[in-house]
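Just so it is clear: chains get the letters A, B, ... in the order the sequence lines come, proteins before strands, and each one is counted from 1. Side chains are part of it too, since the values below use all heavy atoms of this structure and drop only hydrogens, waters and symmetry mates. Note that the coordinates shown come from a computational prediction; the quantities given were computed from them, not determined experimentally.
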Number of protein chains: 2
Amino acid sequence: MAGTKRLTQHDIAKLAGVSQATVSLVLNGAPTALARIPQETRERVQHVIRSTGYVADPIARRMAKGLNRILGVFTYEPAFPSEQADFFTPFLLGIEEEAQAQNYDLLLLTGAGVGRERKIFADGNRLRIADGCLVLGREFDRAELKRLVSGDYPFVAIGRREDAGGPVPYVGGDYTNGTRALVEKARALGHEKLAYVGPSGSAESVVDRWRGFAEAITEGVELVLHVDEVGRPAGETLDAIVASGATAVFFVELADAVRVEAAARARGLSVPEDFSAIVLGSHVRAERSHMQFTAFDIPREEMGRQATAMLVRRIESAAPIEQILLTCEPVEGQTLANKRT
Amino acid sequence: MAGTKRLTQHDIAKLAGVSQATVSLVLNGAPTALARIPQETRERVQHVIRSTGYVADPIARRMAKGLNRILGVFTYEPAFPSEQADFFTPFLLGIEEEAQAQNYDLLLLTGAGVGRERKIFADGNRLRIADGCLVLGREFDRAELKRLVSGDYPFVAIGRREDAGGPVPYVGGDYTNGTRALVEKARALGHEKLAYVGPSGSAESVVDRWRGFAEAITEGVELVLHVDEVGRPAGETLDAIVASGATAVFFVELADAVRVEAAARARGLSVPEDFSAIVLGSHVRAERSHMQFTAFDIPREEMGRQATAMLVRRIESAAPIEQILLTCEPVEGQTLANKRT
DNA sequence: CTTGACTGCTAATGCGTATTAGCAGCTAAT
DNA sequence: ATTAGCTGCTAATACGCATTAGCAGTCAAG
């Protein structure tokens, strides 16, 4: 098969009895040029094309023209993790949908960085095969982001990104306001002593949640405990919560919330009777829980869709850099209740 | 930076005072050719390359070499269905893994057939963008498969396929032996009256299961009920089972098994005390069940991996057509027990 | 019958790289 | 003195497509 030559416009031309140039024009000539090719010839060429299944080589096309209707998708982690309920699938669903609607194909840049460390700029820019690319992943490489920003290759990040030596085009979730809304809800239910389980620094998504939380801490509300880490033993965390007297606990990670709730139940405490639990995210796969936690919804599919649309805009019309945050609607759940009186 | 034109080997050549060809050779010439370029010249060129940050344009590179290192993935249904636990994800995981290992990128042919009907050879078929492609989906279009087989484009099907006017290269699951093993297990446990819930015709996957089942029906064992359909009301199916006197029921679809077991429980019957239940597949998303059904494992990831490896073989070395069936190991589960005495 | 406009095409070129054939200049052997 | 062989490169070309300039023919107007 390696020896089999793929069809070229030349072959088509010969079959249709015209020149290579004519084939190219029939395929995608400007209207003015097309007007000069009679219907009959066009149909003859089209027929040969259809019956042979010929498709222009995107590489050559790109070479000559620059565009090939392919969107690259780069993920800093494998796109399909072993854990079933994975992180990327919803994004990909949205991306696929929009790409299909816009008639683009998707190139998953899986080859980049064969080892443990994935790098966009690893082996010659395979990236450039696509007209532009979407970048996703929890942890971006800052240096790479900077290079992307300073280059002239169209890209859009999924998730808010900053500090890249220039504005980063992105579509993200508004975790700040999502978090703030939940804190205010807790406050309205009488909670005055709050706990926060999760980090406050580093990645933007983490910073945003913390900022939303911090901004909502005003008169009458107090942060009585901050466990600045994810994945701590549930027992310890629970001890700290009880000792702090917190009545509402905010978890950055669903997995933590699930474990702490289970630990609490094991000790005869119950959520939300003894303390409320609010979840702000779920990156890590959590054990299944019978509890429906109060949280906010991250519109992942919509993020994928909008990021794709934005990328197409940037490719096709050199649109200016946009930064979009999508609203994260609260999810009622069963774990936020009135403060126990 | 955005305004700067991309550097070419020509620019590098001028700066280093050599020809473009020399630059190319320095970058990636064969050892024999390299041997003829003195250290001193090589270093001069390398230095210019490093100080300018030049990177070869991958497009032009592929153009010259002929191959893309891109594998196409065509699915007859959208690759990322809304249902979370989807059918394709495990395959894609394996495919991605192997593609990465082989340093290929993946092109998801999402553009093909925007409407409800996906077609490989739909107008504007972009399949040939990739060096070869994987085809998956539950229902293949026979005509398209024939066309693929008779063409010279490298492809590999996931799942056994026949009747395409020639041998189809595939990696599938050995449902026949998987099923047979389960029937024999049931027989060893004393079951003599068996029921089969699911179709016996059409798609290969269905045929294989039925064949495995039929082959295991020998002396001492009897098929007392065949519900030749999937998705029948659980109550009806249960009635039929009870009336038939079957002690072990084989379900082609997990979803059916789940519903029938629930219906049985509602009537005070229990599995596997009153009858055993064996599951042979799960295409349709099933309700969650607390039961761990006896079944066989379909090594989807491995299928994806091996299919990818096979495709690469066909692309790179025109390997002959292979047909691989992977063993489906039995899954113990809790629903197959001794026949009630 | 000349000019001009229009029709229906094609030849030629460029995109950036990889690769091959081969050219000078030299040395060593015949 | 010729040949053979080596060194250190370069010119030329192919890859498949898009695009532009322009050629040959027709037809109508002047």
Side-chain angles (χ1 to χ4, degrees), chain A residues 2-46 48-49 52 54-70 123-126 128-129 131, chain B residues 4-46 49 52 54-70 124 126 128-131:
Chain A
T4 321
K5 248 184 356 194
R6 91 185 328 165
L7 279 172
T8 70
Q9 285 190 347
H10 234 97
D11 303 323
I12 304 298
K14 252 182 286 179
L15 288 174
V18 295
S19 72
Q20 175 266 323
T22 304
V23 176
S24 178
L25 288 177
V26 166
L27 273 172
N28 41 26
T32 59
L34 265 182
R36 301 182 53 178
I37 298 175
Q39 187 69 6
E40 199 251 330
T41 305
R42 265 184 287 173
E43 269 166 15
R44 193 153 30 95
V45 173
Q46 296 275 24
V48 174
I49 289 175
T52 54
Y54 165 81
V55 186
D57 178 354
I59 299 294
R61 199 174 181 138
R62 163 92 197 206
M63 184 92 227
K65 188 181 175 177
L67 295 181
N68 50 219
R69 293 203 89 78
I70 291 179
D123 70 276
N125 302 351
R126 289 282 288 155
R128 285 197 174 264
I129 289 177
D131 295 338
Chain B
T4 322
K5 239 189 341 194
R6 240 193 116 79
L7 281 171
T8 70
Q9 286 189 348
H10 233 97
D11 302 324
I12 305 297
K14 254 183 284 179
L15 289 173
V18 295
S19 72
Q20 175 265 322
T22 304
V23 176
S24 178
L25 288 177
V26 166
L27 273 173
N28 41 25
T32 60
L34 265 182
R36 303 182 53 174
I37 297 176
Q39 186 71 5
E40 200 250 331
T41 305
R42 265 184 285 172
E43 268 166 14
R44 195 152 30 95
V45 173
Q46 296 275 22
I49 289 174
T52 54
Y54 164 83
V55 184
D57 180 353
I59 299 295
R61 209 170 176 151
R62 289 307 166 211
M63 175 91 197
K65 277 216 176 136
L67 290 178
N68 281 331
R69 294 202 87 79
I70 293 178
R126 318 222 319 140
R128 297 191 103 95
I129 287 174
D131 296 337

Over how many whole Å does the gap from [X] atom [atom1] to [N] atom [atom2] extend?
| X | N | atom1 | atom2 | result |
| --- | --- | --- | --- | --- |
| A/Met63 | D/dC17 | CE | P | 13 Å |
| A/Ile59 | C/dA18 | CD1 | C1' | 15 Å |
| B/Gln20 | D/dC15 | CD | C1' | 13 Å |
| A/Arg42 | C/dT7 | CZ | P | 12 Å |
| A/Arg62 | D/dC17 | CZ | P | 16 Å |
| A/Asn28 | D/dC17 | CG | P | 10 Å |
| B/Arg36 | C/dA24 | CZ | P | 15 Å |
| B/Tyr54 | C/dT17 | OH | C1' | 7 Å |

To the nearest 10 degrees, the angle between the two end axes of the helix from C/dC1-D/dG30 to C/dT30-D/dA1 (five pairs per end) comes to 80°
Please determine if a side-chain N or O atom of [X] lies less than 4.0 Å away from the OP1 or OP2 oxygen of [N].
| X | N | answer |
| --- | --- | --- |
| A/Thr22 | C/dT10 | yes |
| B/Thr8 | C/dG16 | no |
| B/Thr41 | D/dC9 | yes |

With a 4.5 Å cut-off on side-chain heavy atoms, are [Y] and [X] touching?
| X | Y | value |
| --- | --- | --- |
| B/Arg62 | B/Arg69 | yes |
| A/Leu27 | A/Gln9 | yes |
| A/Ser24 | A/Asn28 | yes |

| query | Of A/Ala64 and B/Ala33, whose nearest nucleotide on DNA chain D comes first from the 5' end? | reply |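 Comparing both residues, the 5'-ward one is B/Ala33.
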- [ ] Could you check whether B/Val23 gets within reach of a base, just the sugar-phosphate, or nothing at all, counting any heavy atom under 4.0 Å?
- [x] nothing
**Asked** Base, sugar-phosphate alone, or nothing: which one does A/Ala56 contact when heavy atoms must sit under 4.0 Å apart?
**Response** sugar-phosphate
Between B/Arg44 and the options B/Thr22, B/Val18, B/Ile49, the side-chain contact (heavy atoms from CB on, under 4.5 Å) test singles out B/Val18
Which heavy atom of [X] sits nearest to which heavy atom of [Y], and what is that distance?
| X | Y | result |
| --- | --- | --- |
| B/Val26 | B/Leu34 | CA-CD2, 4.0 Å |
| B/Tyr54 | B/Thr8 | CE1-C, 3.8 Å |
| B/Ala13 | B/Ser19 | CB-C, 3.5 Å |

Check this for me: does the side-chain of A/Gln9 come within 3.5 Å of the base of D/dA18 through a donor and an acceptor?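 Side chain to base: no pair present.
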Of the nucleotides C/dG16, D/dA18, D/dA11, which one has an atom closest to the side chain of A/Ser24?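 Among the listed nucleotides, the one closest to the side chain of A/Ser24 is D/dA18.
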Of the listed C/dT17, D/dC9, D/dC17, the closest approach to the B/Pro38 side chain comes from D/dC9
